[in-house]
Amino acid sequence: MVYQRPKGTADILPGDTEKWQYVEQTARQVFSHYQFKEIRTPIFESFDVFSRSVGDTSDIVTKEMYDFYDKGKRHIVLRPEGTAGIVRAYVENKLFGPEHPKPVKVYYMGPMFRYERPQSGRMREFHQIGVEALGSPSPTVDVETIAMALGLFKKIGIGGLKLVINTLGDLASRQAYRQALIDFLEPHFAELSQDSQVRLHKNPLRVLDSKDKKDQAIVADAPSILDFLDEESTAHFTTVKALLDNLGIAYEVDATMVRGLDYYNHTIFEIMSNSKAFGGQYMTVCAGGRYNGLVEEIGGPATPGFGFGLGLERMLLVMAADGIEVPNTADLAAYVVGIGEETQAAVVQVTQAIRNAGFTAEHDYLARKPKAQFKMANRLNAEVVVTIGESELAAKTAHLKNMATGNEITVPLAEIEQDFATVIAQIRGEKRG
RNA sequence: GCGGUAUUGGCGAAGUGGUUAACGCACCGGAUUGUGGCUCCGGCACGCGUGGGUUCGAUUCCCACAUACCGCCCCA
């Protein structure tokens, strides 16, 4: 093979694209009911947009950025996530201005990039659908946005989900907790895994997330973030839980849940699935939370925000494992069979007429025998076959066959070309008679 | 970035240091000249990921590289 696609990328081919479109369309529909509008921002951004927002210590910045220098020596990065670019666009286009209703609610879908070792469902180029609501600190935004995410999964038909929430508190709460965590972990330093030893001072919260069994045992007795929340942070989280209860949305609180990205505070959440796609283990399929300091960090006015992102590849994996069928939209109404070269012009003309009448139509392009053409019509699941041979050509008619019933009728060409809707209704009617 | 496994036709998949690389599916053609299923017949690998090496000779042995998958890391 001479050329192959870059490592960690995928060609999404016909047969699969229908599934992608289905998810995308469903997302657009659900989001629009919540008055979210689409926003499209560049696939690549200045390196600083991400190093500034995502956090210098995060793994994304330290080792997973797909970055390079362009010919103008600009430090460019293919976006690893959606939020930072949108916040940049929000600030740059002054969407915080008074003429924009607050919160500004936007959604996006498209490719993201991370330079890491590919595995199933983890690509260097992957796709996310995400939303951001900018400009309201209200817990109702948290709850409705979470509900919207759940609504999307429900609409797609994905089951076996659970919602997990936690709070990181505001900056002061988080810092107090961070110090308490360091104080708690330091006596155990020698027992911690190597990775966690590094994390301890860089980002101690991440130790909570360690997969290492020994780490988990130590962390089990660690102080909880929930005990370090100030009054306001507690109130926010309490309201979020109350609103979820009120909507009848089930959730569990996991005080050890953290974020790889530095910009989150207050409510964070994950929607997890124990689909067969993940061997029955709970895997995160959607993650998000509140980021009240980010807009300011990027150079805008202090503006609260809330958003989430979900991975299309993982979503599709779950759908496949759960046997979720995508509605079939493009049924073939008519396959036009031409017998003999001299019918070519008529075949093209009839096919076009049927298409122009608003039906899908197809014909043979390989000069195949009638039998082969009928085979193809059958394979393409055509509802009717329109046959044009020498005799039909001479009589200015076409022969129609209902492929389901086998009934056949002969119709003037002019009728097909002028009003195919009536013609097809006629042969559909034959079915009953 | 580290470790492991894998790489044969469009797909699935046998196989051997040495004559024509099984088989199945799919696809194409044919079985009284213009009709869909089944059956039957026939066709279908620039040669076994790429590049080197060992050898009289390699798809089969060795090395490097590429890609995929699994685990770690991290995460969607």
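All of these numbers come straight from a predicted model, not from anything done at the bench. Scope of the values below: all heavy atoms of this structure, side chains included, with no hydrogens, waters or symmetry mates. Chain identifiers are assigned alphabetically (A, B, ...) following the order of the sequence lines, protein sequences preceding nucleic acid strands; residue numbering begins at 1 within each chain.
- Nucleic acid contact for A:G340: none, since no nucleic acid atom lies under 4.0 Å from a heavy atom of the residue.
- A salt bridge links A:E383 with A:R428: the closest approach of a Lys/Arg side-chain nitrogen to an acidic carboxylate oxygen falls below 4.0 angstrom.
- When heavy atoms are screened at a 4.0 angstrom cut-off, A:K369 is found touching the sugar-phosphate backbone but no base atom.
- For the C1' atoms, the distance from B:U5 to B:G43 is 37 Å, rounded to whole Å.
- As a whole-Å value, the separation of A:K7 NZ from B:U50 P is 18 Å.
- Applying the salt bridge (charged side-chain N to carboxylate O under 4.0 Å, His left out) rule to A:R368 yields the partners A:D364; only residues at least two apart in sequence or on another chain are considered.
- A:I339 comes within contact range of at least one nucleobase, with a heavy-atom separation under 4.0 Å.
- Side chain of A:N402 to main chain of A:N407: no donor-acceptor pair is present (N/O by atom type, distance under 3.5 Å, no hydrogens or angles).
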Starting at the 5' end of RNA chain B, write a dot or bracket for each base, bracketing those in Watson-Crick or G-U wobble pairs whose two distances are under 3.5 Å and using | for partners on another strand. (((((((..(((.....[....))).(((((.......))))).....(((((..]....))))))))))))....
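- Distance CE (A:M376) to P (B:G29): 8 Å, rounded to an integer number of Å.
- Contact annotation for A:G8: backbone-only contact, meaning every heavy-atom pair under 4.0 Å involves sugar-phosphate atoms and none involves a base.
- At the heavy-atom level, A:E125 lies nowhere under 4.0 Å from the strands shown.
- Among residues two or more places apart in sequence or in another chain, the ring pair (Phe, Tyr, Trp, His ring centres under 6.0 Å) test is passed with A:H236 by A:H266.
- Classified by interplanar angle (parallel below 30°, tilted 30° to 60°, perpendicular above 60°), the ring pair A:W20/A:H127 is perpendicular.
- Base engagement by A:H399 is indicated by at least one non-hydrogen atom pair under 4.0 Å involving a base atom.
- Side-chain atoms of A:Q4 and base atoms of B:A68 include no donor and acceptor less than 3.5 Å apart.
- Between A:F374 atom CZ and B:G29 atom C1' there is a gap of 19 Å when expressed in whole angstrom units.
- The pair A:R40-A:E38 meets the salt-bridge criterion, with a side-chain N (NZ, NE, NH1 or NH2) lying under 4.0 Å from an Asp/Glu carboxylate O.
- Within the 4.0 angstrom heavy-atom criterion, base atoms lie near A:R117.
- A:R124 forms a cation-pi arrangement with A:Y115, by the criterion of a distance under 6.0 Å to the ring centre and an angle within 45° of the ring axis.
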